[in-house]
Participant: 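Here it is: the structure, laid out below.
Because the structure is a prediction, the values reported are computed rather than measured. The first residue of the sequence shown is numbered 1, and numbering continues consecutively from there.
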Amino acid sequence: MYAKYIKKEIPDLNGTGRTQAYYKMELSSMNFEEFVSLCAREGHMEESAILGVLSLVSNKLALSMAEGYSVKIDGLGTFYAKLGVRDDMLQDAFEEGESTRNAHSIRVTGVSYRADNELIKATSRKCVLQKGGVSRLRKSKFTLEERIQKAKDFLAKNMLMRVPDYVRLTGLSRTTASMELRKLALDPTSGIAIKGSRSQKFYVLRQV
């Protein structure tokens with residue numbers, strides 16, 4: 001079976017003047033039952049046996065990561081837990097006077113996975129690609145200066161601005177809008193600053 005790839009255009013935020021692109025595989029979904037059935041057919045095993053092994057691996061993997069281990073499964077990859085501050089609490093800082101964070105305010109926010117090189121090589125060997133579609137960026141009819149002014153006008157009437165607001169104002173795609181706002185926030189002359197963190201990021205007028 002062939003896999004298709006898509007050529008996607010990405011924003012030229014470095015000002016090179018060249019159209020930039022990356023390649024992304026066009027994905028189809030395979031649910032858990034289909035995957036187990038595929039393993040059972042290929043391995044000439046009962047589906048119940050595979051389900052039992054997968055359940056055991058999943059449970060013990062979670063327990064091991066919870067106890068502070070990074071777990072390497074040969075041919076698959078390495079798994080380890082990521083920590084973060086609870087969503088209802090402010091981010092910590094090292095400035096003098098900041099309260100000391102206790103264990104109650106920190107939780108596991110995700111699991112990081114680093115693929116085993118053998119898995120990557122095996123996937124590459126088995127993969128036969130076909131050309132799929134081309135994804136172009138949604139262009140804005142406004143210049144960068146006009147987009148910045150629209151953002152400032154919006155912030156003059158509203159306390160804050162999020163990425164979807166900038167998308168509506170400028171006509172940019174969400175990805176391009178997010179990247180452009182991050183770049184503007186790093187430029188002191190743009191008049192726009194960033195606040196918050198992770199999914200709680202928002203933009204405000206920069207204080208002079």
Participant: Calculate, to the nearest 0.5 Å, the distance between atoms CD and CD belonging to Q130 and E26 respectively.
Facilitator: 10.5 Å
Participant: Should F79 and L119 be counted in the same cluster of Ile, Leu, Val, Met, Phe, Trp and Tyr side chains packed under 4.5 Å apart?
Facilitator: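 The answer is yes; both residues are in one hydrophobic cluster.
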Participant: Could you report the tightest heavy-atom contact between G132 and K4, atom names first, then the distance?
Facilitator: CA-CB, 4.3 Å
Participant: Look up atom OG in S37 and atom CG in N31, then write down how far apart they are to the nearest 0.5 Å.
Facilitator: 9.5 Å
Participant: Does Y2 share a hydrophobic cluster with M25, counting links as ILVMFWY side-chain heavy atoms below 4.5 Å and allowing steps through other members?
Facilitator: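 Hydrophobic grouping puts Y2 apart from M25.
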Participant: According to side chain to side chain contact (heavy atoms under 4.5 Å, CB included), who are the partners of Y23, at least two apart in sequence or on a separate chain?
Facilitator: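 If we apply the side chain to side chain contact (heavy atoms under 4.5 Å, CB included) test to Y23, skipping adjacent residues, the hits are Y5, K7.
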Participant: Using the rule that Ile, Leu, Val, Met, Phe, Trp and Tyr join whenever any side-chain heavy atoms are under 4.5 Å apart, tell me whether L181 and L205 fall into a single cluster.
Facilitator: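 In one cluster: yes.
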Participant: Taking all heavy atoms of Y203 and all of A185, pick out the closest pair and write down the distance.
Facilitator: CE2-CB, 4.1 Å
Participant: Donor-acceptor pair, distance only, cut-off 3.5 Å: does the side chain of Y80 make one with the backbone of R114?
Facilitator: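 Answer holds: no.
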Participant: Looking at residues at least two apart in the chain, or sitting in another chain, which of them share a side-chain hydrogen bond (donor to acceptor under 3.5 Å, both in side chains) with N158?
Facilitator: none
Participant: According to side chain to side chain contact (heavy atoms under 4.5 Å, CB included), who are the partners of K141, at least two apart in sequence or on a separate chain?
Facilitator: none
Participant: For residues L61 and V111: do they belong to one hydrophobic cluster (side chain heavy atoms under 4.5 Å, members Ile, Leu, Val, Met, Phe, Trp, Tyr)?
Facilitator: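 Linked within one cluster.
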Participant: Would you mind writing out the side-chain donor-acceptor pairs for residues 43-55 within the sub-3.5 Å range, not counting sequence neighbours?
Facilitator:
none

Participant: Quick test of your reading: applying salt bridge (Lys or Arg N to Asp or Glu O under 4.0 Å), list the pairs with at least one residue in residues 34-44, sequence neighbours left out, ordered by first then second residue.
Facilitator: none
Participant: May I ask whether F154 and L184 are part of the same hydrophobic cluster, defined by side-chain heavy atoms of I, L, V, M, F, W, Y residues being less than 4.5 angstrom apart, directly or through others?
Facilitator: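 Both belong to a single hydrophobic cluster.
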Participant: State the CE-CD1 distance between M161 and I194, to the nearest 0.5 angstrom.
Facilitator: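 Going from the CE atom of M161 to the CD1 atom of I194 covers 10.0 Å.
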Participant: Give the minimum heavy-atom separation between K152 and S190, together with the two atoms involved.
Facilitator: CE-O, 2.9 Å
Participant: Which heavy atom in R174 sits nearest to a heavy atom in P164, and how many Å separate them?
Facilitator: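 Residues R174 and P164, closest heavy atoms: NH1-CG, 3.3 Å.
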Participant: I want to check something: taking the side chain as every heavy atom from C-beta on, are V134 and I6 in contact at a cut-off of under 4.5 Å?
Facilitator: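 No - every pair of side-chain heavy atoms lies 4.5 Å or more apart.
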Participant: Specify the closest pair of heavy atoms between L172 and V167, including all atoms of both residues, with the distance to one decimal.
Facilitator: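 Minimum heavy-atom contact is O-CG1, 3.3 Å.
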Participant: Determine the minimum heavy-atom distance between L169 and F142, stating which atoms define it.
Facilitator: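 The pair with the smallest heavy-atom distance is O-CE1, 3.6 Å.
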Participant: Looking at OG1 of T170 and CG of D165, how far apart are the two atoms once the value is rounded to the nearest 0.5 Å?
Facilitator: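 Reported value, rounded in 0.5 Å steps: 10.5 Å.
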Participant: When rounded to the nearest 0.5 angstrom, what distance separates CG in L144 from CD in E180?
Facilitator: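 Reported to 0.5 Å precision, the distance equals 5.0 Å.
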Participant: Could you measure the distance from the NZ atom of K121 to the CG atom of D116? Nearest 0.5 Å is fine.
Facilitator: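 Reported value, rounded in 0.5 Å steps: 9.0 Å.
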Participant: With sequence neighbours excluded, tell me which residues meet salt bridge (Lys or Arg N to Asp or Glu O under 4.0 Å) with K24.
Facilitator: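 Partners of K24 by the salt bridge (Lys or Arg N to Asp or Glu O under 4.0 Å) criterion come out as none, since no residue qualifies.
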